[in-house]
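Inspection log for the structure reproduced underneath, given as structure tokens.
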Amino acid sequence: MEPPRRPTMFDFHGVPMTTYFTDNWDNVQNFKARPDDIVIATYPKAGTTWVSYILDLLYFGQRCPERQSSIPLHERVPFLEISLPSRPAGKDLADQLPTTPRLIKTHLPVQFIPKSFWEQNCRIVYVARNAKDSAVSYFHFGRMNNAQPDPGDWSTFLQSFMEGKVVFGSWYDHVNGWWGKKQTYSKLHYMFYEDLIEDSGREMDQLCSFLGLSPSAEEKERVLTGVKFDNMKQNKMTNFSTVQIMNQKVSLFMRKGKVGDWKTHFTVAQDEQFNEDYKGKMKNPTLQFRSEVSCASERVPTCD
Ligand code: PPS
């Protein structure tokens, strides 16, 4: 099968998008949510796959162990708005999910979320990651994923990222938009990639408390082991090796899995310019990101 052509971006209700995320728009907007659906919402590269796998194992790791070895994670947790030529649309996969709850992934900014999720009062897990590591991860993703526009070189991409001229729009608007929603919508659990890196056990406990789950200590340990970066990297069901549009010879989907990889990409001048611009855009003192985590704990195997 021909790989799809690299798409171009266009303005879609104020957000840069590509047809791969807008072609099925009316159907996506009319998605019929159920009250027990769980949405995993993120800006791209924030740890969507990681949290999707945590949720999938928590709900179905014991109930349906055969799922784990036979169905790729991206089919177990469909990507709602995706619509690639000759592939089932994410919305249809979500409709057809046989599980309860249904776990559904989206990168949509909060204003684009289909209204029935709000009407049904669904639980939403939002995962956010610091801007610098998000930019780096998104850059490499653009290099390897033919369904993304060509990112150009690093400095070109970084400029586009700062200007919000990337698919799904501005990181700054996305994380702030969802943070604003959290203030009025109580079924939204806002979590951070950096916290997960720092202490996955603690974060999983908070997630379970939000979801009303109480796994045994053994079960928790089993999930924590399964979702370790190196294990997910080896696992064909979670490392996207079954997805042909991604050329993992260019860059692996499970690339580094760290906080602070931005330091190997940003020049001093880029860092200064980025920080200045960031201050102007991130004015809400209640929303704070960490671009580094301390590695004092032995639980942090991904720190250098
Ligand atoms: S996507 O395409 O938007 O759904 O990508 P997403 O899954 O949100 O983000 C991919 C980045 O998350 C890293 N990742 C992990 N880090 C630590 N531990 C685990 N288990 C894990 N799983 C995925 C993945 O490596 C990507 O980050 P980078 O920085 O590129 O390595």
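Keep in mind the model is a prediction, meaning the values are calculated, not measured. Numbering of ligands and ligand atoms starts at 1, following listing order. Heavy atoms only: backbone and side chains are in, while hydrogens, waters and symmetry mates are out.
- In this structure, of R129, K256, H140, the residue bringing a heavy atom nearest to atom 27 (O) of ligand 1 is R129.
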- Item | salt bridge (charged side-chain N to carboxylate O under 4.0 Å, His left out) between R6 and D150, intermediate numbers included | CA-CA 7 Å; R6 279 197 179 256; D150 185 338; 5.3 Å; no
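- You'll find the ring centres of F12 and F21 outside the 6.0 Å limit.
- Any N or O atom pair closer than 3.5 Å counts here, and M232 shares no such pair with ligand 1.
- Against a heavy-atom cut-off of under 4.0 Å, K105 is close to the following atoms of ligand 1: 4 (O).
- The shortest N/O to N/O separation between H107 and ligand 1 falls below 3.5 Å.
- Heavy atoms of Y53 found under 4.0 angstrom from ligand 1: none, in either backbone or side chain.
- Contact annotation: for D261 versus ligand 1, there are no heavy atoms closer than 4.0 Å.
- Aromatic pair Y43/F168: ring centres not closer than 6.0 Å.
- Remark: aromatic rings of F240 and H74 are close, center separation under 6.0 Å.
- Looking at Y193, F240, W262, it is Y193 that brings a heavy atom closest to atom 17 (C) of ligand 1.
- Heavy-atom proximity to M254, at under 4.0 Å, picks out these atoms of ligand 1: 21 (C), 22 (N), 23 (C), 25 (O).
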